[in-house]
Number of protein chains: 2
Amino acid sequence: MNSKVKKRTLIHDIARHLDVSIATVSLVLNGKAKQSRISDALAERVLAYVKEVGYKPNHLAKSLRTGKTHVIGLVVEDISNPFFATVAWMIEKQAFERGYRIIYCSTDNDTSKAKELITMFQDRHVDGYIIVPPEGVEEQVSVILREQIPVVLFDRYLPDLPTNYIVVDGTKGTYEAAQHLLEQGFTSIAFVTTDSKQTQMEARLQGYVQAMEERGLQQRVKHVNITDSEKILADIHSFIAENRDCDAIIFSTNYLSIYGLEAIAQQKLRIPDDLAVISYDDHDLFRLYTPAITVIAQPVESIAKNVIDILLDQLKHPSDKEDTTAIQAVVLPTSLVVRKSSIRS
Amino acid sequence: MNSKVKKRTLIHDIARHLDVSIATVSLVLNGKAKQSRISDALAERVLAYVKEVGYKPNHLAKSLRTGKTHVIGLVVEDISNPFFATVAWMIEKQAFERGYRIIYCSTDNDTSKAKELITMFQDRHVDGYIIVPPEGVEEQVSVILREQIPVVLFDRYLPDLPTNYIVVDGTKGTYEAAQHLLEQGFTSIAFVTTDSKQTQMEARLQGYVQAMEERGLQQRVKHVNITDSEKILADIHSFIAENRDCDAIIFSTNYLSIYGLEAIAQQKLRIPDDLAVISYDDHDLFRLYTPAITVIAQPVESIAKNVIDILLDQLKHPSDKEDTTAIQAVVLPTSLVVRKSSIRS
DNA sequence: CTGAAAGCGCTAACAT
DNA sequence: ATGTTAGCGCTTTCAG
């Protein structure tokens with residue numbers, strides 16, 4: 001009997017000890033002392049004792065009762081990708097300060113996994129969602145929307161769904177990168193992207209198309225099918241080999257660039273002499289690579305701030321006001337960080 | 001009234017619909033139909049209807065009642081570090097298959113943050129912990145131990161605490177790396193590590209010391225104080241500058257190597273001609289760098305497998321049997337992946 | 001100002 | 001074989 005685990009203190013214990021009612025303790029703990037006209041003296045006495053014994057309310061019971069978990073579900077493409085890792089880290093930090101916890105998961109851009117994760121979050125009764133949606137999750141997101149649970153998408157959005165979202169102006173980002181290459185005298189520019197129809201990918205491609213069209217230059221676009229590493233590497237390798245007359249290449253995401261650098265090295269091509277390179281997203285590798293790689297950087301801090309601000313705002317003000325659910329769509333600018341890989345030597 | 005959110009189906013609803021008792025439904029759902037001698041026919045009828053309406057039990061209520069959340073708390077140093085990201089990903093995958101969910105957080109090696117996280121997990125009633133402990137969290141871990149909640153540490157352990165842990169043989173790993181350098185004819189080898197007292201760091205250093213002592217070579221060890229990026233970079237930069245007579249250098253972690261490569265590039269030193277380099281942990285950057293960097297790789301898959309197996313085992317068999325709490329300590333081997341950065345040209 | 005009491009949705013003795 | 005019922009720990013009216 002005595003070796004039994006020491007029981008956690010319950011609200012009941014502290015009420016009994018102070019010889020007040022459970023309700024009083026609960027009210028004080030939830031900051032409703034004033035409106036329930038509980039004397040400051042008593043309130044303080046409660047707080048003091050609570051602190052003394054280190055009482056922590058049972059979250060499960062609290063959530064069951066209130067229907068609020070104070071947990072936000074964050075679904076990203078890949079938490080080990082520095083871009084998502086940084087945004088997630090900032091979101092977590094901000095949310096934490098405002099009393100929310102984040103639980104995150106990676107979809108690896110797999111639709112069925114994403115569906116599973118969203119369902120799992122529903123089961124866990126998260127109060128809100130932050131999602132980087134792969135294609136085909138419209139249905140799950142609709143369900144969330146219908147249940148009036150706050151959602152903010154980022155990096156890309158679902159055109160058919162009225163949700164809040166934060167994205168960057170990828171069209172402009174790529175366009176500027178292309179302009180920069182043209183100014184440096186590179187004229188035969190290729191664009192390597194994925195074969196996905198996600199909005200951010202389409203936008204980035206669009207910027208390339210636009211820049212090429214303006215100058216009446218030939219477009220060389222490679223849509224890589226994202227499967228296993230070897231296949232991707234081989235694919236990019238051949239594309240580069242088959243387009244040896246190109247003098248510059250823009251990759252639409254950081255991981256494609258990584259494969260690209262490997263393929264370029266395999267073919268012993270020199271950057272930027274044989275081929276100039278520009279990538280999306282900054283990364284240790286790009287900064288330290290020899291030569292350093294020019295990147296179209298996304299404003300990670302601003303993305304994180306907008307995401308969490310909008311979500312927390314919705315969490316505070318449940319949109320009861322009928323259809324006045326003003327959707328917030330934020331488009332942020334990218335910035336070109338010029339390094340050696342795109343400078344004519 | 002009608003615009004109200006559609007209510008979730010409750011166990012009560014399904015019991016009423018089938019005209020059976022709530023208990024029957026609950027028993028069937030929890031696989032206790034057989035032992036409660038519920039007819040197969042009924043059981044199937046229940047299951048069929050549950051599936052039809054897509055009933056999902058309320059986890060919160062279930063957890064409150066059973067005291068089990070089926071959630072495992074994973075505390076790593078930095079989830080965006082490829083080493084931890086990979087291990088975490090594998091752990092998550094395995095746990096998921098066995099019905100457990102993982103919620104993870106990064107400590108950034110900050111003791112107070114780690115304490116906070118562990119406390120948060122306690123509040124959330126996780127069923128078990130997987131922790132990469134920074135220094136000074138002995139107290140929080142003791143609390144978990146005392147409450148008989150399963151814990152597995154990895155990457156490093158807490159010498160004073162009887163916990164399960166999975167680590168690699170860092171002493172041997174570094175020793176082999178040093179041997180390799182010596183065989184290649186490098187004789188003036190430096191070792192760059194952090195100033196932390198964590199077991200894995202001490203072990204790695206030990207391997208270096210041992211190799212140097214065996215040959216009676218001078219030891220040049222730099223203990224970098226991990227603060228902000230600029231400071232770290234500057235620190236490593238000066239160390240390298242002050243030891244220009246060194247012909248090889250071993251870094252005790254992947255992130256130190258990244259700063260190291262930057263510092264080496266700044267000083268326009270050529271690898272391996274001016275300085276051979278070996279790093280701990282594999283990484284895209286090391287594989288793709290020019291020249292490719294030799295690494296002491298950790299068996300990430302095996303680490304993950306051991307961690308989750310031991311934890312799930314404990315979760316299945318609550319160690320009631322008094323002090324028979326057999327501690328599991330697993331030490332795995334590292335493997336040296338030789339690349340150009342450590343080959344005499 | 002405070003206490004009693006009704007649940008939140010589910011599980012698992014304990015009855016039948 | 002199946003139903004009844006007492007909670008898990010907390011919040012929140014509603015009457016004092």
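Just so it is clear, the model here is predicted, and its values are computed rather than measured. Residue numbers start from 1 in every chain, and the chains themselves are labelled A, B, ... in the order their sequence lines are given, proteins ahead of strands.
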ask   = Can you list, by residue number, the residues of residues 52-59 of chain A that have a non-hydrogen atom closer than 4.0 angstrom to DNA chain D?
value = A/Y55, A/P57, A/N58
query = Which residue lies toward the 5' end of DNA chain D, B/A61 or B/A23, if each is placed at its nearest nucleotide?
reply = B/A23
request  = Answer yes if the ring centres of B/Y49 and B/Y55 are under 6.0 angstrom apart, and no otherwise.
outcome  = no
message = Angle between the two end axes of the helix from C/dC1-D/dG16 to C/dT16-D/dA1, five base pairs per end, rounded to 10 degrees?
response = 50°
task = Please figure out whether A/K62 or B/V20 has its closest DNA chain D nucleotide nearer the 5' end.
result = B/V20
query = Between C/dC10, C/dG3, D/dC10, which nucleotide gets closest to the side-chain atoms of B/I11?
reply = C/dC10
ask   = Salt bridge or not for B/K316 and B/D313, using N-O below 4.0 Å?
value = no
ask   = Quick one: do A/D309 and A/R98 make a salt bridge, cutoff under 4.0 Å?
value = yes
key: Which atom of B/I310 lies closest to which atom of B/Q328, heavy atoms considered   = CD1-CB, 3.8 Å
key: Under 3.5 Å donor-acceptor, A/T66 side chain and A/K68 backbone   = yes
query = Once the angle between the rings of A/Y129 and A/F121 is folded into 0 to 90°, is it parallel (under 30°), tilted (30 to 60°) or perpendicular (over 60°)?
reply = tilted
key: N/O (side chain, B/S63) to phosphate O (OP1/OP2, C/dC10) under 4.0 Å   = no
ask   = Choosing from D/dT12, C/dC10, D/dT2, which nucleotide comes nearest the side chain of B/R65?
value = C/dC10
Presence of salt bridge, B/E77 and B/R156, under 4.0 angstrom = yes
request  = Starting from P on D/dA1, measure out to CD1 on B/I38 and report it in whole angstrom.
outcome  = 10 Å
message = Please determine whether the number of non-hydrogen atoms from other residues, nucleotides or ligands lying under 6.0 Å from atom CD of B/E138 exceeds 12.
response = yes
ask   = Choosing from C/dT2, D/dT11, C/dA12, which nucleotide comes nearest the side chain of B/K32?
value = C/dA12
Distance in angstrom units between B/L27 CG and D/dT4 C1', rounded = 13 Å
